[in-house]
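Report on one structure; see the data block that follows.
Atoms within each ligand, like the ligands themselves, are counted from 1 in listed order.
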Amino acid sequence: MRERGIEFVDNTAPGFAACVGYCPTNEIAVKIARELQEKNLYVFMSAATEGKSMAEQLAEEGIEMGWKTRLVPYGGDVTATVHALGFATRVALSFGGAQAGDFQRVLRYNKNRVFAFVLALGPVDDEKHAQAAGAINWGFPTISETDIDSILPTGICTYEHVVSPVPLDRIVSKAIEVRGLKITIAKVPIPVAFGPAFQGERVRKEEMYVEFGGQVGLGFEFLTTKKLEEVEDERIEVIGPEIDNVHEGGQLPIALWVDVAGRKMQPDFEPILERRIHDFLNCAHGIFHMGQRDINWVRISKEAREKGFKFRHFGSILHAKLHDEFGKIVDKVQVRIYTREKEVLELIGIAQETYKQRDARLADMTDESVETFYSCTLCQSFAPNHVCVITPERSGLCGAYNWLDGKAAYQINPTGANQPLQKGRVVDTVKGQWQGINEFVHNASHKTLQIFSAYSMIDHPMTSCGCFECISCVLPSTNGIMVVYRNFAGMTPSGMKFSTLAGMVGGGVQTPGFIGHSRLYIGSKKFISADGGAKRIVWINRELKQELGEILQKIGEREGVENFYEMIADETVAVTEEEVLAYISEKGHPALKMPPLF
Ligand code: SF4
């Protein structure tokens with residue numbers, strides 16, 4: 001009893017399932033037993049019905065039973081079920097400090113610490129019905145295959161008390177949901193090593209077996225909330241080719257679509273969970289992930305392929321880690337991995353519309369209206385000294401985290417990567433410097449940065465990791481700046497392609513004259529406002545310029561510059577800095593009349 005009971009205290013065994021009755025076939029009995037074992041639960045079996053119990057069915061199939069396998073037969077008589085409750089009572093007496101007879105304390109201990117429930121299999125007679133009602137006094141609900149009176153409101157049990165009828169193929173997942181059992185997965189079930197030590201690992205082109213998305217490819221990742229009954233926990237599907245049908249060096253589109261459900265889950269938490277896809281996948285040895293939302297880029301190494309890594313293992317990782325890190329709010333996780341262009345194109349619009357809605361939530365907030373900003377240090381696995389300071393008017397440079405997301409992330413995990421930052425004394429209003437923020441950045445950057453300017457790309461600009469959506473850099477002779485989006489593969493007027501620029505800007509160092517930032521930040525009134533603001537933009541790659549059309553029109557109206565959109569060059573009219581200068585001179589771009597940038 002002590003040896004087993006301690007497992008209920010240290011959570012090696014979260015609880016038990018008291019299975020009464022029998023299943024229509026031995027095969028179903030084995031399946032249910034296996035499902036319960038996978039969740040690390042003990043299975044106490046008793047009460048034969050019509051002469052048969054689940055334990056006898058397992059015995060007929062040659063399944064090993066006993067304490068070691070956690071499949072424990074208590075006896076065929078209906079009264080044998082009391083041993084399961086006796087076990088729970090003794091755990092409360094031994095480890096919960098309850099005295100014999102103190103039924104309230106026994107109830108409280110079991111309700112809060114022992115995740116147990118009754119599975120009523122097959123017909124339920126009056127005796128079994130009475131037992132189900134009795135189990136409620138320990139905080140244990142009953143889930144019945146047979147249609148018996150349900151007792152749904154919460155009260156003594158954490159959630160519902162008696163739920164029926166539930167088909168046998170869903171009875172275990174329903175029991176876990178009703179009991180509020182949190183799934184813990186001791187080891188992520190994939191054929192390659194897994195851990196934070198692999199997070200900073202890159203998979204170079206020559207080491208790569210297959211890649212998805214990236215600069216020229218199509219891809220997105222998206223996490224959404226569903227109702228509990230709409231999500232089947234651990235359901236993982238690959239729609240399109242699996243790795244076995246892809247040749248070495250292959251390039252595929254990808255959609256990682258994650259449905260989560262939980263009684264405490266809120267749509268506001270979606271961006272926080274979605275952004276963690278990045279570091280969860282990177283923990284797998286031989287898997288490289290970069291970017292987020294609809295600019296993700298994933299590679300699988302040849303070594304991982306040889307070890308048996310499949311596309312479906314992306315789902316295994318996300319299922320395990322979302323339960324592990326967000327167990328308080330997530331009860332169920334299902335993942336679909338699309339690797340065919342047709343479906344990815346069909347779905348990407350839904351994701352993009354949601355990204356837009358998430359970004360729009362902050363529309364009327366300003367940096368002055370709050371005293372608190374939020375930090376993000378999630379990307380320190382790649383750039384150990386990098387810190388994003390997220391303000392209402394400046395989202396994280398990946399574009400996936402805004403101020404509200406930082407706030408929600410802190411609510412979910414108060415000791416996590418998103419901490420509230422008190423602005424404190426104002427050091428410089430124009431550049432956006434505050435004493436509280438400087439102090440935080442100094443510590444969080446491991447004392448490599450002293451000063452942080454929220455609104456300047458020249459004077460102590462924000463550092464970059466590698467996840468920025470865009471890079472802005474100064475084009476000195478134009479007195480302006482260019483902006484390039486990460487999927488633009490061509491040459492820019494800086495004389496560098498995006499990949500070379502990314503090497504200069506990333507890595508967590510301040511690079512005056514260069515910043516990584518989100519697309520959305522361009523439309524913010526605080527976009528490099530200390531350096532003259534968005535009026536400095538003289539070149540944007542065409543695709544991004546078109547996408548930002550409305551925003552650029554609004555910037556023109558806000559700054560009193562007519563035809564601002566037309567004054568900005570792109571690669572179709574200017575590829576070198578000289579060509580940009582010639583173009584903007586002809587158009588009378590306002591940057592030419594602004595004070596010098598340096
Ligand atoms: S880029 Fe910044 S905001 Fe985005 S996840 Fe990384 S540290 Fe956080």
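- If you look at Gln292 next to ligand 1, there are no close heavy atoms at all, none under 4.0 Å.
- The ring of Phe452 has its center no closer than 6.0 angstrom to the ring center of His442.
- The shortest contact between atom 2 (Fe) of ligand 1 and any protein heavy atom is with Cys388 SG, 2.4 Å.
- Distances from atom 2 (Fe) of ligand 1 show that Cys398 has no N/O/S atom below 2.8 Å.
- Residues His278 and Phe382 place their aromatic rings such that the two centres sit under 6.0 Å apart.
- Listed by number with element, the atoms of ligand 1 under 4.0 angstrom from any heavy atom of Cys376 are 3 (S), 5 (S), 7 (S), 8 (Fe).
- Classified by interplanar angle (parallel below 30°, tilted 30° to 60°, perpendicular above 60°), the ring pair His313/Phe309 is tilted.
- Taking the six-membered ring for Trp, Phe498 and Phe488 have ring centres at least 6.0 Å apart.
- Less than 4.0 angstrom separates some heavy atom of Gly396 from each of these atoms of ligand 1: 3 (S).
- The aromatic ring centroids of Trp257 and Tyr338 lie 6.0 Å or more from each other.
- Counting only heavy atoms of the protein, atom 5 (S) of ligand 1 lies nearest to Arg275 NE, 3.0 Å.
- When distances to atom 6 (Fe) of ligand 1 are checked against a cut-off of 2.8 Å, Cys379 contributes an N, O or S atom below that limit.
- A donor-acceptor pair shorter than 3.5 Å can be found between the side chains of Asp233 and His323.
- One side chain, Glu577 or Ser477, offers a donor N or O that lies under 3.5 Å from an acceptor on the other.
- Numbered from 1 in the order shown, with element, the atoms of ligand 1 that lie under 4.0 Å from a heavy atom of Cys465 read 1 (S).
- Residue contacts with ligand 1 for Ala417 are absent, since no atom lies close enough (heavy atoms, distance under 4.0 Å).
- Contact annotation: Ala400 has no heavy atom less than 4.0 Å from any atom of ligand 1.
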